[in-house]
**Student:** 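What follows is a structure written as C-alpha cells; I'll ask about it next.
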Amino acid sequence: METKENAADLPRLRLRDNVTILIAEDERGHYLLTRNCLRQAGVDNEVLWFEDGQSTLDYLGHDEHWQDGRKYLLLLDVRMPKVDGIEVLQQIKGDPRLEEIAVIMLTTSDDHDLAHRCYALGCEAHVVKPPGRVLLKAIERVSQRL
Amino acid sequence: MKFRWQQRIASRLAIGFGVVAALTALLGMIALIQLDSLANMTKEMYNHTITVSRAIGKIRTQTVAIHQSMHDYVLAETEAERQAAIQAAAEHEREALKAFEVVREGFAGDPALVEQIYRQLIDWQTLRQEEIDLARQGRIDEAAEVAGMLGAEQVMQIQMSLQALHDFASSKADAFFRHAEQARQRHLLLLSGLILLVFALCLGGGYRITRSITEPLGQVMATIGEIRRGSLDRRIGLTRPDEIGKLARAFDEMTANLQATMVSRDELGAANQQLDAANQQLRAANQQIQASEQQLRASNQQLQAANQQLRAANEQLEAQESQLKGLGHILETSLNEIYIFDAETMKFVQVNEGARRNSGYTMEELSKMTPLDIKPEFTARSFELLTEPLRTGEQAIMELQTRHRRKDGSLYPVDIHLQMSTLSGRAVYVAIIMDITDRRRAEQERERLMRLLEGKNQELQDIIYVASHDLKTPLVTINGFSDMLIAHCRRLGELLDEAALPVEARGPADLLLEQEIPEDIAFITAGARKMKTLLDGLLKISRIGASTVRPERIDMNELIRTNLNAAAYPIQQKGAVVEVADGLPDGLGDADQISQVFSNLLDNALKYAHPSRPPRIRISGRRENGQCIYCIEDNGIGIRPDYFEKVFEIFHRLNPKDTVEGEGLGLTIVRRILDLHNGKVWIESKPEEGSKFLFSLPC
C-alpha cells in the first residue's frame with residue numbers, strides 16, 4: 001500500500017470555476033474518500049455523485065447540463081453494476097457531443113491490460129485507488145485542457 | 001731310395017716308438033752322469049776351500065800361541081808360572097796337531113808338502129824341549145835366545161809352509177771353478193748335440209714310417225677312385241705282405257667280382273625300365289579310378305543336398321501350412337471384421353466370424369451381397385472412384401472412415417483398411433474393418449471433458465479476477481477510512497484542547513487519542529495491507545493464462561541484459577556480482593513471461609543472500625536433449641531439500657516472520673509460466689552454500 005498521505009502533504013489544486021466534477025462510484029465510501037481528497041487539496045468546485053454508469057450517462061444526456069460553457073471532469077469507477085465504467089467511457093468517447101469530457105478512470109486493480117483498454121478507448125488518465133496524490137496530479141494535468 | 005718294408009705296420013710303429021724311447025733314455029743317462037760329476041767336483045771344492053782352509057788357519061793360530069807360551073815360559077820368574085806356560089804350550093800343540101790331522105786327511109795337493117810341515121812341527125818340539133831344559137838348568141838367557149831366535153825362525157818357517165798350503169788350496173778352488181765352467185759348457189754342447197741328433201732321428205724315422213703307410217694307401221685310394229668312376233678293369237696290384245697289401249688284394253678280388261656282376265646289371269636296368277613304365281600305367285589307371293570315385297562322391301553329395309533342400313522346403317511348406325492354418329484361425333476368430341470380395345463381381349467371397357457377428361448376416365446371405373449393401377454412404381460410382389488408386393496400383397493400401405449398416409438397419413462408425421490381393425487365382429479386395437463406436441464415444445467424451453475443463457478453468461480465472469477485484473473495493477474503503485479516522489482523532493484532540501477539559505478527564509482521553517486508537521488503526525491497516533498483497537498475487541496469477549502465451553524465438557542474452565539493467569539498483573545496493581555466461585541459447589517462449597521468470601529468479605537470488613557474504617550470481621545456459629536449460633546460481637542461504645517443492649507453492653515464503661519482503665508468489669509464477677511453456681523448473685541447493693534454479697524451455 002502507498003505511504004500514508006496526510007492532508008498537509010497533498011498538493012494544492014485549483015480548477016476553473018466552470019468545471020464540475022462528476023464522481024461515478026457505486027461504493028459510497030469510495031465516493032466520500034474521493035471527495036474528501038479533493039476538498040483537502042483545496043478543490044471547492046461542484047462535485048456530483050452517481051451510483052452507477054447509467055445515471056451518469058443519463059445526467060450527461062440532458063442538454064440543460066451543458067449550458068453556459070460548463071465543463072465536466074468525470075472520475076469514473078471501472079467496476080459498477082448495470083453499466084460499468086468501461087461501457088460509460090465507450091459511450092462518452094463514441095459520442096461527439098460528450099467526447100470532450102475529461103475522463104479519469106478509477107480502479108482498485110493495477111491490471112495493465114485493463115489500463116491499456118481504457119487508454120485505447122480514450123480516457124484521459126487511469127488511477128489506482130485509493131484516491132490521493134496520484135489522483136490529484138492526474139486531475140491537475142487533465143484540467144489543463146478544460 | 002727304394003726300400004721295401006717287410007714288417008707289418010704295427011711292428012713298424014713299435015720299432016719307431018722304441019727307438020725314440022731308447023734315445024730319450026740315453027740322453028737322460030748322459031745328463032745324469034754329467035750331473036754326478038758336477039756334484040763330485042762341488043764336494044771336492046767344498047773340502048778344500050772350507051775344511052782345509054779352516055784347519056790351516058787353526059794351525060797358524062796355535063803355532064803363534066805355542067810360540068807365545070814358550071816366550072812366557074822363558075820369562076817366567078816362578079816355577080808355577082813355568083809349569084803353566086809349558087802346559088799351555090802343550091795344549092796349543094795338541095790343538096795344532098789335531099788340526100793338522102784334518103789337513104793331512106783333506107788336502108788334495110801334494111802330500112809331501114803336508115809332511116814337510118809335520119816335520120817342522122816335530123822339529124820345533126825338540127827345540128822347545130831344549131829351551132825348557134836350558135831354562136831348568138838356570139840358563140835363562142840362553143833359553144831366551146833359543147826361544148827368541150830359533151823359535152821365531154821355526155814359527156816363521158811353519159807359517160810359510162802353511163801359506164804355501166793355503167795357496168795351493170786356493171789355487172785348487174780356482175781350478176775347480178774353471179773346471180766346472182768348462183764341464184758345464186762341455187755338457188751343454190754334448191746335450192744339445194744329442195737332442196738335435198735324437199730329434200733328427202725321430203723326424204726321419206717318423207717320416208719313413210708314415211710314408212711306408214700313406215704311400216701304398218694313396219695308391220690304393222687312386223685305384224679305388226678310378227674303379228668308382230667306372231674303370232672296373234683297374235687293379236691295385238700291391239704284393240706287400242702287410243695289412244695294406246692284404247687290403248689291396250682283397251679289394252682287387254672284390255673289383256673282379258663286381259666287374260663280373262656289372263654285366264648282368266645292364267640287363268636288369270632294362271627290365272627295371274619296363275617295370276617303371278608298367279607302374280606308371282598302373283598309377284594313371286589308379287588316378288582315373290580315384291577321379292571317377294570323387295565324381296561319384298560329388299554327385300552323391302549333390303543328391304544329398306538336393307534331398308535336404310527338398311526336405312527343408314517340405315518342412316517350410318508344412319510350417320507355412322500350419323502357420324496359414326493358425327493364421328486362418330486367428331483371422332476367422334478376430335474381432336475385427338474381415339471381408340473379402342471379388343474385384344469383378346464385387347460379391348463377398350469370404351467373411352470372418354467377427355464380420356458375421358457384428359453385421360448380423362450369415363455367409364450365405366453375404367455371398368449375394370456387395371459392399372455397397374452395407375455402406376449406405378457410397379454409391380456404385382463413388383465406391384469405384386474411391387478404389388481406383390488400388391486398381392491402378394497407385395496405392396497399396398487405403399484407409400477410410402465411414403458407417404456400416406447392420407442387418408437390423410442400425411448404423412455404426414468404422415475404420416476400414418482396404419487392399420487388393422488374390423484368392424484361388426482371382427483378384428479380390430480384402431477389407432479389414434474396425435468398429436470404432438467405442439473409440440468415437442471415448443473421443444467425444446474426451447472433447448466434452450476438455451471443453452468442460454476449459455470452461456471451469458476460465459470460470460476459475462474469472463472468479464479469481466472478479467473476486468480479487470471486488471475484494472479490493474472494501475480494502476480501499478478500510479484503508480481510506482482508517483486514514484480519515486486518524487485525521488478525525490487529530491481533530492478531536494484539537495477540540496479537546498480548546499474545550500479545556502478538567503485534568504482527570506484529559507488523561508484517559510489523551511491515552512485513547514494518542515495511543516490506543518492509533519494502535520488499533522495500525523492493526524486494521526496492517527491487515528488490510530496484507531490482504532491487498534494476497535489479492536494482488538491472486539490477480540497476477542490469474543492473469544497468466546494459456547491464451548497469453550505468444551511463443552517466439554527469444555534472444556536470451558538480450559533479455560538477460562535488459563533484466564539486469566532494470567535490476568541495476570537492487571544489485572548495486574546488495575553489493576552483488578552478477579556474471580552471465582557467454583552464448584546463452586535462444587529458447588522458444590513468450591518474451592514478457594520469460595523475462596518475468598528471470599526477473600523473479602534474480603529477485604530471489606538477491607533477496608535470499610547469505611548475511612555473511614555479498615551475493616554472487618551466475619547465469620548460464622546450455623542445450624540438452626532438444627531443450628534449452630538455463631541456470632541461475634547464487635551463493636545465498638540455500639534451501640533444504642525437503643523445501644524444494646514447497647517453495648513453489650502459492651504464498652509460500654521461506655521465513656514468514658523474516659524481514660525479507662515479498663508476496664510469496666515469485667516462484668509460483670515462475671512455475672506457472674514454465675508449465676504453460678511446456679517447460680520445467682527445479683532446484684539444486686545446499687543450505688548455507690547456495691542454490692541453483694534451473695529451468696528448461698523448448699529450443
**Student:** Would you say that more than 12 heavy atoms from the other residues, nucleotides or ligands in this model lie under 6.0 Å from the CG of B/Asn565, or not?
**Tutor:** yes

**Student:** Please report the interatomic distance CG(B/Asp470) to CZ(A/Arg79), rounded to the nearest 0.5 Å.
**Tutor:** 4.0 Å

**Student:** Check side chain to side chain donor-acceptor pair (under 3.5 Å) between B/Gln573 and all other residues, then give those that pass, not counting sequence neighbours.
**Tutor:** B/Tyr569

**Student:** Could you name the residues of residues 22-29 of chain A that have a heavy atom within less than 4.5 Å of a heavy atom in chain B?
**Tutor:** A/Glu27, A/Gly29

**Student:** Hey, what do you get for NZ (A/Lys129) to CG (B/Leu475), rounding to the nearest 0.5 Å?
**Tutor:** 12.0 Å

**Student:** Pick out which of B/Val476, B/Leu471, B/Leu535 makes a side-chain contact (heavy atoms from CB on, under 4.5 Å) with A/Thr108.
**Tutor:** B/Val476

**Student:** Listed by chain and number, what are the side chain to side chain donor-acceptor pair (under 3.5 Å) partners of B/Ser595, not counting sequence neighbours?
**Tutor:** B/Asn563

**Student:** Run the numbers on B/Met484 and A/Asn36 for side-chain contact (heavy atoms from CB on, under 4.5 Å), then give the verdict.
**Tutor:** CA-CA 9 Å; B/Met484 294 267 275; A/Asn36 200 42; 2.6 Å; yes

**Student:** Who in residues 61-78 of chain A is close to chain B, using a strict under-4.5 Å heavy-atom cut-off?
**Tutor:** none

**Student:** Above 12 or not: heavy atoms from other molecules or residues under 6.0 Å from CD of B/Gln572?
**Tutor:** no

